[in-house]
Asks: 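If you scroll down you'll find the structure; I have some questions about it.
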Amino acid sequence: MASEAVVLPVPGPHGGREVRISSPGRVLWPDSGITKLDLARYIVDVGEAFVAANGDRPLSLQRFPDGIDGEQYFSKNPPKGAPEYVRSVMVVYPSGRSHPQLVIDEPAAAVWAVQMNTVAFHPWPSRAENTDNPDQLRIDLDPQPGTDFDDAVPAALELRAVLAEAGLTAFIKTSGSRGLHVFAPIEPAREFLDVRHGVIAAARELERRMPDKVTTSWWKEERGERIFVDFNQANRDRTMAGAYSPRALAHAPVSCPIEWDELERTDPTVLTIGTVPARLAATGDPWATMPEHPGTIDTLLGWWDRDVAAGLGELPFPPDFPKMPGEPTRVQPSRARKPG
């Protein structure tokens, strides 16, 4: 139920700010009764770590005006009336079109986004000052039907070893759903296509080591009961929920950074808006040191070149992308025309 507006103090730079939350009693998660004000207070509680992970990046807001069971839409450019501390940066989309995209620099900007009925935050893997060159390599381990979070855990551990062999330091978080997100900080010296090729090279190496457990098959009919290594999340304008972002699922989970040594005992269903602030206060941010460990994708690109020479080339792009050089057909195997 809507109620009178609340002015919420938000700590941060410049002595903090006050953000007005209208309809604070609006229920966003019906099953748990979590309101818009509850969400705003969650962002205040995790604000410093949230901005460290998601700030200074082009950002898409996943907005739910009537709660998570209602209609949703993605908002990229700042709407009219955005406060002066919410900025934007020009980005280039796969179509070649340029457009301004939101950037968050302080916790108050994230709380303002909640005021705009944002539930999930989706940051780019590149910084606002250099949007064309990612400073994060990201790999989404996506459980397929017949598999679950527990199946993604050994894949993540082996992927960590693969990335270490390529000279990269891996960090991990829950997706907020059934999967896991593995990140590695990289020097922002390569364009998106190069980073995509680095991700594919790592994914193929992981697939060689765990052929019965993981797959790089883009077509769902070919994946089987395996963990899909989603290489297409590495493309320009492809994002995943950011660290500490809530997700639009009934129990109000959070995409939560964790330490590698706690992965095998992690239950992602208990990492929620209600529990993550206390966890963060007690244990600190597992991603706090991420900017201190940038690597290069040179070794991964060497693996890519090796695989291309062996006959393994480009993989399909998402359907809304223009046809890309060297890309195989985008017709799923069961519908492909048979020779003769």
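We're numbering straight along the sequence, starting at 1. As the structure is a prediction and not an experimental result, all values here were calculated from the model.
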Asks: Which residue pairs pass the ring pair (Phe, Tyr, Trp, His ring centres under 6.0 Å) test when at least one of the two sits in residues 207-252, sequence neighbours left out?
Replies: W218-F231
Asks: How many angstroms lie between CD in E221 and CD in Q332, if you round to the nearest 0.5 Å?
Replies: 4.5 Å
Asks: How about E71: does its CD atom have over 12 heavy atoms from other parts shown lying under 6.0 Å from it?
Replies: no
Asks: With clusters defined by side-chain heavy atoms of hydrophobic residues (ILVMFWY) lying less than 4.5 Å apart, directly or transitively, does L61 cluster with I34?
Replies: yes
Asks: Are any non-hydrogen side-chain atoms of V276 and D45 less than 4.5 angstrom apart?
Replies: no
Asks: Tell me, do Q233 and R138 make a side-chain contact under 4.5 Å, heavy atoms counted?
Replies: no
Asks: Quick one: ring pair (Phe, Tyr, Trp, His ring centres under 6.0 Å) pairs with a partner in residues 93-121, sequence neighbours left out?
Replies: F50-F121
Asks: Please check if the side chain of D285 supplies one atom and the backbone of V46 the other of a donor-acceptor pair under 3.5 Å.
Replies: no
Asks: Taking all heavy atoms of A250 and all of D31, pick out the closest pair and write down the distance.
Replies: CB-OD2, 3.3 Å
Asks: Mind checking ring pair (Phe, Tyr, Trp, His ring centres under 6.0 Å) for F74 and listing every partner two or more places apart, or none if nothing turns up?
Replies: H122
Asks: Who are the side-chain hydrogen bond (donor to acceptor under 3.5 Å, both in side chains) partners of E191, not counting sequence neighbours?
Replies: R236
Asks: Charged N to carboxylate O under 4.0 angstrom, D142 versus R226?
Replies: no
Asks: Donor-acceptor pair, distance only, cut-off 3.5 Å: does the side chain of S95 make one with the backbone of R97?
Replies: yes
Asks: Less than 4.5 Å apart, side chain to side chain, heavy atoms only: is that true for I68 and Q62?
Replies: no
Asks: Measure across P123 and T239 and return the closest heavy-atom pair with its distance rounded to 0.1 Å.
Replies: O-CG2, 3.4 Å
Asks: Taking C-beta and beyond as the side chain, do S126 and D132 meet within less than 4.5 Å on heavy atoms?
Replies: no
Asks: Nearest heavy-atom pair of I273 and V254: which atoms, and what distance?
Replies: N-CG2, 3.6 Å
Asks: Given 3.5 Å as the limit, does a donor-acceptor pair link the side chain of T174 with the main chain of L180, or not?
Replies: no
Asks: Output yes when a side-chain donor or acceptor of T266 lies under 3.5 Å from a complementary backbone atom of P268, and no otherwise.
Replies: no
Asks: Checking E187 side chain against T296 main chain: does a donor-acceptor pair fall under 3.5 Å?
Replies: no
Asks: At their closest point, which heavy atom of T216 faces which heavy atom of L315, and how far apart are they?
Replies: O-CD1, 4.4 Å
Asks: Output side-chain donor-acceptor pairs under 3.5 Å for residues 197-204, partner residues at least two apart or in another chain, one line each.
Replies:
from: H197; atom 1: NE2; to: E314; atom 2: OE1; distance (Å): 2.7
from: R204; atom 1: NH1; to: G313; atom 2: O; distance (Å): 3.1
from: R204; atom 1: NH2; to: G313; atom 2: O; distance (Å): 2.8

Asks: Check which hydrophobic residues are tied to F321 through side-chain heavy-atom contacts below 4.5 Å, counting indirect links as well, and list them.
Replies: L193, F317, M324
Asks: Which hydrophobic side chains are connected to L249, either touching it within the sub-4.5 Å cutoff or through other members that do?
Replies: none
Asks: Go through it in stages, so that I can follow the logic: the residues are I186 and L168, the test is side-chain contact (heavy atoms from CB on, under 4.5 Å), and I'd like the CA-CA distance, side-chain angles, deciding distance and then a yes or no.
Replies: CA-CA 8 Å; I186 58 176; L168 297 173; 3.9 Å; yes
Asks: Got a sec, which residues hit side chain to side chain contact (heavy atoms under 4.5 Å, CB included) with R178, two or more places apart in sequence or on another chain?
Replies: P143, D148
Asks: Scan side-chain atoms only and decide if Q144 and R223 contain a donor-acceptor pair under the 3.5 Å cut-off.
Replies: yes
Asks: Tell me whether W124 contacts the main-chain N or O of V91 through its side chain, where contact means a donor paired with an acceptor under 3.5 Å.
Replies: no
Asks: My understanding is that only residues two or more places apart in sequence, or in another chain, count here; which of them pass side-chain hydrogen bond (donor to acceptor under 3.5 Å, both in side chains) with R63?
Replies: Y73, S75
Asks: Look only at the side chain of T131 and the backbone of A128, and say whether a donor-acceptor pair between them is shorter than 3.5 Å.
Replies: no
Asks: Other than L312, which residues form its hydrophobic cluster under the rule that side-chain heavy atoms must be closer than 4.5 Å?
Replies: none
Asks: Which distance, rounded to the nearest 0.5 Å, do you find between the OG1 of T118 and the NZ of K36?
Replies: 9.5 Å
Asks: Do F183 and V153 sit in one hydrophobic cluster, given that two such residues count as connected whenever their side-chain heavy atoms are within less than 4.5 Å of each other, even indirectly?
Replies: no
Asks: Find out whether D135 and N133 are in side-chain contact, i.e. whether some heavy atom of one side chain is under 4.5 Å from a heavy atom of the other.
Replies: no
Asks: Hey, are T215 and S217 close enough side-chain-wise for a donor-acceptor pair under 3.5 Å?
Replies: yes
Asks: Charged N to carboxylate O under 4.0 angstrom, R87 versus D105?
Replies: yes
Asks: A side-chain contact here means heavy atoms from C-beta on lying under 4.5 Å apart; do P134 and R190 qualify?
Replies: no
Asks: May I ask you to say whether R17 pairs ionically with E106, meaning some side-chain N is under 4.0 Å from a carboxylate O?
Replies: yes
Asks: Taking atom types as modelled, find out whether T147 and E225 have a side-chain donor-acceptor pair closer than 3.5 angstrom.
Replies: no
Asks: Would you say D230 and I139 make side-chain contact, with heavy atoms under 4.5 Å?
Replies: no
Asks: Under the side-chain hydrogen bond (donor to acceptor under 3.5 Å, both in side chains) test, which residues partner T35, sequence neighbours left out?
Replies: D38
Asks: If you measure from SG on C256 to CD1 on I172, what distance do you get to the nearest 0.5 Å?
Replies: 11.5 Å
Asks: In this structure, would V308 and V195 fall into the same cluster of hydrophobic residues linked by side-chain contacts under 4.5 Å?
Replies: yes
Asks: Do you reckon I43 sits in the same ILVMFWY cluster as L280, going by side-chain contacts under 4.5 Å, direct or chained?
Replies: yes
Asks: Side chains of F64 and N117, heavy atoms from C-beta outward: is any pair under 4.5 Å?
Replies: no
Asks: Who passes side-chain hydrogen bond (donor to acceptor under 3.5 Å, both in side chains) against E262, sequence neighbours left out?
Replies: R279
Asks: Any chain of hydrophobic side-chain contacts (each under 4.5 Å) joining L59 to F192?
Replies: no
Asks: Got a sec: does the CD of E222 have more than 12 other heavy atoms crowding it under 6.0 Å?
Replies: yes
Asks: Could you give the distance from CG (L157) to CH2 (W260), rounded to the nearest 0.5 Å?
Replies: 6.0 Å
Asks: Taking all heavy atoms of P318 and all of R330, pick out the closest pair and write down the distance.
Replies: O-NH1, 3.2 Å
Asks: Using only atom types and a distance under 3.5 Å, with no angle test, would you say the side chain of Q115 pairs donor to acceptor with the backbone of S22?
Replies: yes
Asks: Once rounded to the nearest 0.5 Å, what's the spacing between atom CD of Q101 and atom CG of N77?
Replies: 8.0 Å
Asks: Going from OG on S177 to CZ on R247, what distance comes out if it is rounded to the nearest 0.5 angstrom?
Replies: 6.5 Å
Asks: Quick check: closest heavy atoms across P286 and G284, and the distance to 0.1 Å?
Replies: CD-O, 3.3 Å
Asks: Determine, for K173 against E259, whether the closest basic-nitrogen to carboxylate-oxygen distance falls under 4.0 angstrom.
Replies: no
Asks: Would you check if the side chain of R265 reaches a backbone N or O of D261 as a donor-acceptor pair within less than 3.5 Å?
Replies: yes
